[in-house]
Amino acid sequence: MSHRPRKRFGQNFLQDDSVIERIVGYVNPQPGERIVEIGPGQGALTRSILKRVGEMDAVELDRDLLEPLAKTCGPLGTLRIHNADVLKFDFRSLCHEPKCLRLVGNLPYNISTPLLFHLIEQADVIRDMHFMLQKEVVDRMAAGPGSKTFGRLSVMLQVSCDVTPLFDIGPEAFYPPPKVDSSVVRVLPKAQPLVDKDEMGSFGALVTAAFAQRRKTLRNNLREVMDIGVLENLGIDPGRRAETLSLDEFIALHRAAIDSTAHP
Ligand code: SAM
């Protein structure tokens, strides 16, 4: 296939069959399941999955890849290709039932963080996600408090999902090889997110403010958005940094901030 990989689409194609089979082994797709692949590219993962399930959906932005993809996958089953930007894609248009979709993808690394936020918003229709991402992003997704990589992405993802890193892969498994190491991660939306859906916006705003300047204390980062007395009342030292707060502390802080504005 004579396609020149495009950097702007984050195209690093998987070329190592053992890695492909290992990823698909973790997904363990079964006939009858609604599998959706993000960025099928030249079909490295698609062919392996389609052979097992017989029909699936895929969301691909690069038009030049669509025809060859349809051609190589056609004999293996029904592939419904959606030529769309996944950042704008409405996954609920595929299925309204709770937890009906299983998402898979070797994701374009250049959009991974906004894409994860876009997916969290639609977590109600997602049963699970298996993604290949830049290792550094997977480390941030799974990080716990006290770690240098613990930040906004860790908190926002972990209040709505369980995150399990599965294995790491070096650049040689791809064409062209990326400049970074990669990891495969499993993300399972929680049955009950730790923050209510209608409060996720204000929770996100608080977390963003808390991490606005990582080296600064909570007192400095939060003074514009809340009364610092709220922290003290909860027994949280305002001299701490956001990266030391547990998920439970973030949730308690958010709740107390809401209560303090409702009953000043
Ligand atoms: N799955 C293939 C593989 O493993 O070889 C390709 C993976 S490549 C890292 C990322 C794929 O995502 C490319 O096919 C690229 O064209 C596609 N892509 C990039 N940005 C996208 C977007 N915003 N929406 C949908 N697909 C996108």
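As the structure is a prediction and not an experimental result, all values here were calculated from the model.
No donor-acceptor distance shorter than 3.5 angstrom exists from the side chain of D16 to the backbone of A173, with no hydrogens or angles considered. Judged purely by atom type and a 3.5 angstrom limit, R92 has no side-chain atom pairing as donor or acceptor with the backbone of E97. Judged purely by atom type and a 3.5 angstrom limit, Q134 has no side-chain atom pairing as donor or acceptor with the backbone of V180. For E60 (side chain) and D62 (main-chain N/O), a donor-acceptor pair under 3.5 Å exists by modelled atom type. When atom types are taken as modelled, the side chain of T208 and the backbone of G204 share a donor-acceptor pair closer than 3.5 angstrom. Without hydrogens or angle criteria, R102 side chain to V27 main chain gives a donor-acceptor distance under 3.5 Å. Side-chain atoms of R219 never come within 3.5 Å of backbone atoms of R223 as a donor-acceptor pair (strictly under, hydrogens ignored). At distances below 3.5 Å, at least one donor-acceptor pair connects side-chain atoms of D237 with backbone N or O atoms of G239. The closest donor-acceptor contact from the side chain of E136 to the backbone of D181 lies at 3.5 Å or more, if one exists at all.
You'll find the side chain of Y26 stays beyond 4.5 Å of the side chain of V184, heavy atoms only. In this structure the side chain of R127 reaches within 4.5 angstrom of the side chain of E33, judged on heavy atoms. You'll find the side chain of N221 stays beyond 4.5 Å of the side chain of R214, heavy atoms only. The side-chain heavy atoms of L116 and V137, taken from C-beta on, include a pair separated by under 4.5 Å. A heavy-atom distance below 4.5 Å is not found between the side chains of V230 and L222. In this structure, K7 and Q11 have side chains that are not in contact, with every pair of non-hydrogen atoms separated by 4.5 Å or more. Between F9 and N110, every side-chain heavy-atom pair lies at or beyond the 4.5 Å cut-off. The side-chain heavy atoms of N12 and P176, taken from C-beta on, include a pair separated by under 4.5 Å.
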### Task
Quick one: do Q30 and N28 satisfy side chain to side chain donor-acceptor pair (under 3.5 Å)? Show the steps, please.
CA-CA 6 Å; Q30 300 295 320; N28 191 21; 2.9 Å; yes

### Task
Dump the intermediate steps for salt bridge (charged side-chain N to carboxylate O under 4.0 Å, His left out) on D64 and R6, then the final yes or no.
CA-CA 11 Å; D64 292 348; R6 293 196 167 108; 2.7 Å; yes

#### Entry: Worked verdict on L234 versus L253 for side chain to side chain contact (heavy atoms under 4.5 Å, CB included)
CA-CA 7 Å; L234 285 173; L253 188 54; 3.9 Å; yes

### Task
I would like to know whether R34 and D57 meet side chain to side chain contact (heavy atoms under 4.5 Å, CB included); could you show each step before the answer?
CA-CA 8 Å; R34 291 298 307 266; D57 293 84; 3.0 Å; yes

### Message
salt bridge (charged side-chain N to carboxylate O under 4.0 Å, His left out), that's the test. Do R240 and E249 meet it? Break it down for me.
### Response
CA-CA 12 Å; R240 285 168 64 187; E249 285 177 313; 2.9 Å; yes

### Message
Evaluate R140 against T113 for side chain to side chain contact (heavy atoms under 4.5 Å, CB included), listing each step before the verdict.
### Response
CA-CA 10 Å; R140 287 200 278 128; T113 303; 3.8 Å; yes

### Query
Yes or no on ring-ring contact (aromatic ring centres under 6.0 Å, His included) for H254 and F203, after CA distance, side-chain angles and deciding distance?
CA-CA 6 Å; H254 176 240; F203 182 73; 5.3 Å; yes

### Task
Report the C-alpha separation of M141 and L133 in whole Å, then their side-chain angles, then the decisive distance to 0.1 Å, and conclude whether the side chain to side chain contact (heavy atoms under 4.5 Å, CB included) test is met.
CA-CA 10 Å; M141 290 163 70; L133 286 158; 3.5 Å; yes

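The two residues P29 and V53 have their closest heavy-atom pair at CB-CG1, 3.6 Å. Heavy-atom minimum distance, V125 versus H96: CG1-O, 3.9 Å. For the pair L79 and A58, the tightest heavy-atom approach, listed with the atom from each and the gap, is CD1-CB, 3.9 Å. Residues Q158 and A143 come closest through the heavy atom pair NE2-O, 2.9 Å. Here the closest heavy-atom approach between residue P40 and residue V59 is recorded as CD-O, 3.4 Å. Of all heavy-atom pairs spanning R47 and C73, the tightest one is CG-SG, 3.9 Å.
In the hydrophobic clustering of this structure, V24 does not group with L103; members are Ile, Leu, Val, Met, Phe, Trp, Tyr whose side-chain heavy atoms approach within less than 4.5 Å, directly or through other members. F89 and L69 are not part of a single hydrophobic cluster, where members link through side-chain heavy atoms under 4.5 Å apart. Neither V187 nor Y109 shares a network with the other; the hydrophobic side chains, linked directly or stepwise wherever heavy atoms of I, L, V, M, F, W or Y lie under 4.5 Å apart, form separate groups for each. Side-chain heavy atoms closer than 4.5 Å link hydrophobic residues (I, L, V, M, F, W, Y) into clusters, and following such links, even through other members, never connects M200 to L188. Residue V138 is grouped with residue L119 when hydrophobic side chains (ILVMFWY) are merged at heavy-atom distances under 4.5 angstrom, including chains of intermediate members.
Note on R80 versus E55: salt bridge recorded, some NZ/NE/NH1/NH2 to OD/OE distance being below 4.0 Å. A salt bridge links R52 with E21: the closest approach of a Lys/Arg side-chain nitrogen to an acidic carboxylate oxygen falls below 4.0 angstrom.
The distance from the CZ atom of F150 to the CZ atom of R241 is 14.5 Å, given to the nearest 0.5 Å. Put simply, CG on L157 and CZ on R152 are 11.5 Å apart, with the number rounded to the nearest 0.5 Å. Separation of atoms CD1 (I126) and CE (M129) is listed at 4.5 Å; rounding is to 0.5 Å. To the nearest 0.5 angstrom, I23 atom CD1 is 10.0 Å from H130 atom NE2. The line from CD of E37 to OG1 of T46 is 3.5 Å long, rounded to the nearest 0.5 Å. Atom CG of residue D168 and atom NZ of residue K135 lie 4.5 Å apart, to the nearest 0.5 angstrom.
Annotation for Q192: atom CD does not count as buried by contact number, only 12 or fewer foreign heavy atoms lying within 6.0 Å. Environment of NZ in K190: crowded, with over 12 heavy atoms of neighbouring residues, nucleotides or ligands closer than 6.0 Å. The neighbour count for E199 CD, taken as heavy atoms of other residues, nucleotides or ligands under 6.0 Å away, is above 12.
Cation-pi check for R22 over F167 is met; the charged atom lies under 6.0 angstrom from the ring centroid and within 45 degrees of its normal. Relative to the ring axis of F250, R255 does not place its NZ or CZ within 45° and under 6.0 Å from the centre.
Applying side-chain contact (heavy atoms from CB on, under 4.5 Å) to I38 and the options L61, N106, V86, V104 leaves one that passes, V86.
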